[in-house]
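A short write-up of the structure that comes next.
Below, read A as the first sequence line, B as the second, and so on, with proteins coming before strands; counting in each chain starts at 1.
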Amino acid sequence: MKFRAAKGTRDFYPDAMRLRTWLTDAWRRVSLRNGFEEYDGPIFEHLELYTTKSGDEIASQLFDLEDRGGRRLAIRPEMTPTLGRMVNARAQSLPRPIKWFSVPRLCRAERPQKGRLREFFQWNIDIVGVDDVLADAESILVAVDFLREVGLGPEDAVVRINSRRLVAAVLADLRVPPDRMDKAYALLDKAGKIPRDALQAMWKEAFGDAVPFDAIEPLLGVEGLDHLHEAIRGAKGGWAAAERELPAIEALFEKLDSFGITEYCNFDMAIVRGLAYYTGVVYEVFDRGQAHRAIGGGGRYDNLLRDLGGPAMPGVGFGVGDVVITDVLTEAGKLPVLKGELDVYVIAADAELQPRALELVAQLRRGGWSTDFSYRAQSVGKLLRAASDRGARRAVIVGQETRDENLVTIKDLTTGQQTRRDWAAFVAAPLAAGDEGDEQARRSL
RNA sequence: GUGGGAGUAGCUCAGCUGGUUAGAGCACUAGGUUGUGGUCCUAGGGGUCGCGGGUUCGAAUCCCGUCUCUCACCCCA
């Protein structure tokens with residue numbers, strides 16, 4: 001073939017499209033029932049919207065372009081800057097809290113690998129205008145609600161939660177200079193991914209003796225609130241600043257308890273997140289088997305809107321990409337088997353009856369029922385097979401009985417039961433259970 | 001950007017100590033004589049063996065290059 005799909009992109013043939021729609025429908029369903037409203041923005045933005053926030057390195061992972069007027073543009077690699085821009089533009093008039101969601105198609109010019117493609121879909125949830133920890137907790141509730149919706153229990157997935165403020169406090173207690181915080185975050189983020197001695201070497205290289213590795217070691221691998229308390233109490237020299245941050249974390253976990261989702265949640269000092277704009281609570285969702293990268297992640301970004309030129313407005317939100325979650329669900333055997341959806345397949349028993357069959361097709365379609373038929377006159381057996389392959393719920397045969405008595409023969413393709421009904425009655429309710437023959441089926445429902 | 005692995009039918013793969021017209025399963029198409037599917041049988045279509053070059057009487061098979069895919073690293077929104 002001369003042309004194939006570009007690197008890191010996917011074609012969604014009907015089979016794959018059904019799954020994509022199933023997933024995005026789940027996202028929308030969960031969003032709406034949690035009180036969020038859908039929004040969307042343009043698929044490309046001014047390049048600076050991304051570069052001003054995240055630095056120039058980011059530009060190398062952007063698909064950027066220039067229009068004929070010389071404007072520098074970029075295909076959106078994430079949704080949060082667009083959200084910030086949109087909220088800023090109407091900051092004075094939007095009722096708060098702003099609870100919005102979106103399912104944008106995003107592009108990043110990265111090298112594709114497992115769980116990462118260059119074009120993907122991402123579910124975004126944001127709560128803007130509220131700095132209450134309750135908003136942080138609710139965003140996590142929505143994430144967990146989704147996990148439940150797709151059949152992932154607490155034994156399958158976990159939300160690992162940390163706080164940038166807490167980490168910053170600990171680092172301050174350890175006398176890490178404020179301008180070196182980002183470096184320290186980056187190293188802490190590696191703690192769970194590389195061997196301890198390698199981390200030690202990197203830490204030593206970065207901070208030398210000013211902040212000895214011994215001092216931060218108790219911090220590493222801290223999981224669970226109890227463990228956190230121990231680590232802080234046992235810290236050499238005392239972690240006064242860190243101790244002051246404890247109540248905030250405890251308050252968050254109290255809300256999570258009220259929401260009934262603590263079995264999914266765990267405090268984890270290793271979750272820092274790479275993104276610069278997070279200021280408070282940060283969290284990531286993982287499969288328990290740790291066979292995949294993060295399913296999703298989010299956190300609080302209290303300075304982002306101001307940094308984008310708007311008023312100071314706090315926000316919290318998360319994103320879940322379609323690639324990793326699909327991998328996880330596939331592995332767990334939780335993806336549904338989806339067939340095409342068709343209410344009725346109309347069969348003409350012989351070629352002379354095709355006009356009546358077409359008449360029936362049109363009437364059913366007008367009534368709102370998804371209906372299909374064969375272009376060719378084939379044996380009833382072949383057409384029933386076609387109906388079955390199409391995933392039709394009912395096959396209806398227009399035959400001799402239609403000619404003589406205006407009756408149609410209806411076959412329920414899932415049970416195999418067959419009944420005859422009057423044409424008009426069938427058109428009025430094609431999926432209704434039939435008469436005597438369907439009594440049994442009706443009872444079993 | 002760096003490194004490993006892999007490219008044979010739409011998909012999953014076999015064939016590879018070089019030797020006639022390159023195979024299987026699934027999928028697809030058409031039949032199995034006049035109105036009953038989801039489990040059957042038969043037949044058929046579809047591949048310049050990723051591409052280019054080299055070695056050889058002869059290359060899917062050996063060598064070189066190249067492209068693509070994939071996994072990992074870097075990075076992570």
Side-chain angles (χ1 to χ4, degrees), chain A residues 1-11 13 15-16 45 49-51 53-55 57-63 74-84 104 106-118 120 122 124 185-186 189-190 193-194 198 272-278 282 284 292-294 296-299 301 304 317-321 323-324 327 339 345 347-353 357 374 376-403 408-418 420:
Chain A
M1 290 293 269
K2 188 171 180 183
F3 294 109
R4 65 175 79 195
K7 181 196 286 286
T9 65
R10 292 166 290 175
D11 292 323
Y13 287 86
D15 277 353
E45 293 268 10
L49 179 67
Y50 305 112
T51 55
K53 182 206 66 179
S54 312
E57 316 91 37
I58 292 299
S60 67
Q61 296 186 351
L62 285 173
F63 281 104
I75 300 173
R76 61 188 179 190
E78 58 167 327
M79 199 58 183
T80 309
T82 296
L83 170 78
L106 306 175
C107 293
R108 299 175 188 172
E110 292 178 297
R111 199 153 184 168
Q113 53 189 291
K114 191 179 183 188
R116 301 179 79 174
L117 297 172
R118 302 178 100 174
F120 55 96
Q122 189 183 70
N124 280 256
Y185 287 157
D189 195 45
K190 288 189 191 308
K193 301 167 189 165
I194 65 176
V272 182
R273 306 223 79 200
L275 197 49
Y277 58 64
Y278 288 117
V282 285
E284 292 184 348
H292 302 269
R293 63 180 70 241
Y301 48 87
L304 180 62
F318 69 82
V320 171
V323 183
V324 175
D327 287 348
K339 294 187 79 173
Y345 195 92
I347 294 169
D350 60 66
E352 285 70 39
L353 281 160
S374 171
R376 304 192 325 146
Q378 286 175 300
S379 72
V380 171
K382 283 275 185 273
L383 293 171
L384 277 169
R385 187 197 182 101
S388 181
D389 289 345
R390 289 293 311 279
R393 303 170 68 178
R394 296 282 195 280
V396 57
I397 299 168
V398 175
Q400 191 61 42
E401 65 276 30
T402 311
R403 218 167 354 225
V408 292
T409 300
I410 304 139
K411 180 155 193 163
D412 182 320
L413 289 171
T414 51
T415 66
Q417 296 206 12
Q418 196 162 308
R420 288 191 167 184

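Within the 4.0 angstrom heavy-atom criterion, no nucleotide atom of any strand lies near A/S379. As judged by a 4.0 angstrom heavy-atom cut-off over every strand, A/Q400 is placed among the base-contacting residues. If you check every strand for non-hydrogen atoms under 4.0 Å, A/R376 touches sugar and phosphate atoms only. At the heavy-atom level, A/G381 lies under 4.0 Å from the strands shown only through sugar-phosphate atoms. Using a 4.0 Å heavy-atom cutoff across all strands shown, A/G416 reaches at least one base atom of the nucleic acid. Contact annotation for A/R111: base contact, defined as any heavy-atom pair under 4.0 Å involving a base atom.
Side-chain atoms of A/R116 and base atoms of B/rC76 include a donor and an acceptor less than 3.5 Å apart. Judged by distance alone, with hydrogens and angles left aside, A/S388 brings a side-chain donor or acceptor within reach of the base of B/rG37, the pair sitting under 3.5 Å.
With RNA chain B read from its 5' end, the first of the two nearest nucleotides for A/D350 and A/Q122 is the one closest to A/D350.
Taking the P atoms as reference points, B/rG7 lies 12 Å from B/rU61, given to the whole Å. Nucleotides B/rU12 and B/rA6, compared at atom C1', are 15 Å apart to the nearest Å. For the P atoms, the distance linking B/rU39 with B/rC26 amounts to 12 Å, nearest Å. Using C1' as the reference atom, B/rG45 and B/rC63 are 37 Å apart when rounded to the nearest Å. Distance check on atom C1': B/rU8 versus B/rA24 gives 13 Å, rounded to whole Å. Taking the C1' atom of each, B/rU17 and B/rA59 are spaced 14 Å apart, rounded to whole Å. Comparing B/rG46 with B/rA22, their C1' atoms sit 14 Å apart, to the nearest whole Å. Taking the P atoms as reference points, B/rC69 lies 15 Å from B/rC11, given to the whole Å.
For A/I397 and B/rU36, the CD1 to P distance is 9 Å, given to the nearest whole Å. Regarding A/R385, its CZ atom lies at a distance of 8 Å from the C1' atom of B/rG37, rounded to whole Å. Separating the CD atom of A/Q417 from the C1' atom of B/rG38 is a distance of 16 Å, rounded to the nearest angstrom. In this structure, A/K382 atom NZ and B/rG35 atom P are separated by 13 Å, rounded to whole Å. A/I410 places its CD1 atom 15 Å from the C1' atom of B/rU36, with the value rounded to the nearest Å. Rounded to an integer number of Å, the gap from A/E110 CD to B/rU70 C1' is 16 Å. For the pair A/Y50 OH and B/rC76 P, the interatomic distance rounds to 19 Å; values are reported in whole Å. In this entry the distance linking CG of A/L413 with P of B/rG37 reads 11 Å, nearest Å.
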Anything under 3.5 Å between a protein N or O and an N or O of nucleotides 66-69 of chain B, put it in a table, one pair a line.
{"unit_1": "B/rU68", "atom_1": "O2'", "unit_2": "A/R4", "atom_2": "NH1", "d": "2.7"}
{"unit_1": "B/rC69", "atom_1": "OP2", "unit_2": "A/K7", "atom_2": "NZ", "d": "2.7"}

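Two residues are said to be in side-chain contact when any heavy atoms from C-beta on lie closer than 4.5 Å; A/H292 and A/K114 meet this criterion. Side-chain contact between A/K411 and A/L413 is present, with at least one heavy-atom pair separated by less than 4.5 Å. A 4.5 Å side-chain heavy-atom check between A/S388 and A/Y345 finds every atom pair outside the cut-off. Side chains of A/Q113 and A/R293 form a contact here, defined as non-hydrogen atoms less than 4.5 Å apart. Contact annotation: the side chain of A/I397 never approaches that of A/T402 to less than 4.5 Å [non-hydrogen atoms, C-beta and beyond]. Side-chain contact check for A/V272 versus A/V282: every heavy-atom pair is 4.5 Å or farther apart. Contact check for A/E45 versus A/P81: no side-chain heavy atoms found under the 4.5 Å cut-off. Side-chain contact between A/E78 and A/R108 is present, with heavy atoms from C-beta onward closer than 4.5 Å.
No more than 12 heavy atoms of other residues, nucleotides or ligands sit less than 6.0 Å from atom CZ of A/R393.
In this structure, B/rC26 forms a base pair with B/rG10, meeting either the Watson-Crick or the G-U wobble geometry with both donor-acceptor distances under 3.5 Å. Figure legend. B/rU70 is base-paired to B/rG4; pairs are counted as Watson-Crick or G-U wobble with both atom distances under 3.5 Å. With a cut-off of 3.5 Å on both pairing distances, the Watson-Crick or G-U wobble partner of B/rC40 is B/rG32. Across the strands present, B/rC62 finds its partner in B/rG54; the criterion is a Watson-Crick or G-U wobble pair with both atom distances under 3.5 angstrom.
In this structure, of B/rG35, B/rC40, B/rU70, it is B/rG35 that holds the atom nearest to the side chain of A/E401. Distance from the side chain of A/Q113 is smallest to B/rC74 among B/rG37, B/rC74, B/rG35. Distance from the side chain of A/K114 is smallest to B/rC71 among B/rU70, B/rC71, B/rG35. Comparing B/rU36, B/rG38, B/rU70 by their nearest atom to the side chain of A/K411 picks out B/rU36.
A salt bridge links A/R394 to A/D412: at least one charged side-chain nitrogen sits closer than 4.0 Å to a carboxylate oxygen.
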